[in-house]
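Worksheet for the structure shown next.
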Amino acid sequence: MSDEAEQSRPLTRPEEDDQDLLTYGEAGVRLQDEVAAVRARIAELEAAGHDASGARLRLDALEQAAQRHAQQRINDENFEKFFGYAGKARRSNS
């Protein structure tokens, strides 16, 4: 699967995620939701003839964050350094 196709695939909330924590998967879903909300807001602003430049800046920042998130930089080798305890990088947000 290409990187672009991988990034455009909708994310889902894994059922086994602890809902009291902001997990890697939950962060991805929230980014995806916020990108959609800001895109809708831009459309509303433009339809009303208002300046959407601030919203476009936010959208750009969110899309960059979503792209970084999709790269899944956390792996088994760097997990402990990132989180501070031993473990394995679980990929449940696919």
Side-chain angles (χ1 to χ4, degrees):
M1 184 178 291
S2 72
D3 286 343
E4 188 173 312
E6 180 76 23
Q7 291 175 12
S8 65
R9 187 180 74 231
L11 301 175
T12 59
R13 288 181 171 91
E15 289 182 28
E16 70 275 1
D17 267 3
D18 184 341
Q19 300 303 308
D20 293 332
L21 299 175
L22 180 59
T23 62
Y24 197 81
E26 179 65 18
V29 171
R30 288 184 186 189
L31 274 169
Q32 178 180 272
D33 291 349
E34 190 63 17
V35 164
V38 173
R39 284 183 179 152
R41 180 68 180 142
I42 289 170
E44 291 171 5
L45 288 168
E46 289 176 342
H50 297 293
D51 178 24
S53 59
R56 288 193 174 283
L57 288 172
R58 177 161 172 73
L59 178 61
D60 184 52
L62 288 166
E63 287 176 335
Q64 288 177 32
Q67 184 177 21
R68 287 190 307 272
H69 182 273
Q71 292 173 355
Q72 299 183 351
R73 295 181 182 172
I74 300 170
N75 55 42
D76 291 346
E77 290 76 39
N78 66 14
F79 184 95
E80 185 170 0
K81 182 178 179 185
F82 186 85
F83 289 105
Y85 60 91
K88 298 266 185 202
R90 196 174 87 190
R91 297 290 177 236
S92 61
N93 60 342
S94 53

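Between H69 and Q32 there is no side-chain heavy-atom pair separated by less than 4.5 Å.
Within the model, atoms CD of Q64 and CG of L59 stand 10.0 Å from one another, a figure rounded to the nearest 0.5 Å. The CG atom of L57 lies 11.0 Å from the CG atom of L62; values are rounded to the nearest 0.5 Å. How far CD1 of I42 is from NE2 of H50: 14.5 Å, rounded to the nearest 0.5 Å.
Salt bridge status for E34 with R30: absent, with no side-chain N to carboxylate O gap under 4.0 Å.
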For R39 and E63, what are the C-alpha separation, side-chain angles and deciding distance, and is it a side-chain contact (heavy atoms from CB on, under 4.5 Å)? CA-CA 11 Å; R39 284 183 179 152; E63 287 176 335; 2.6 Å; yes

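Across all non-hydrogen atoms, the minimal contact from A55 to L45 is CB-CD1, 4.1 Å.
V35 and V29 are members of different hydrophobic clusters when ILVMFWY side chains are connected at heavy-atom separations under 4.5 Å.
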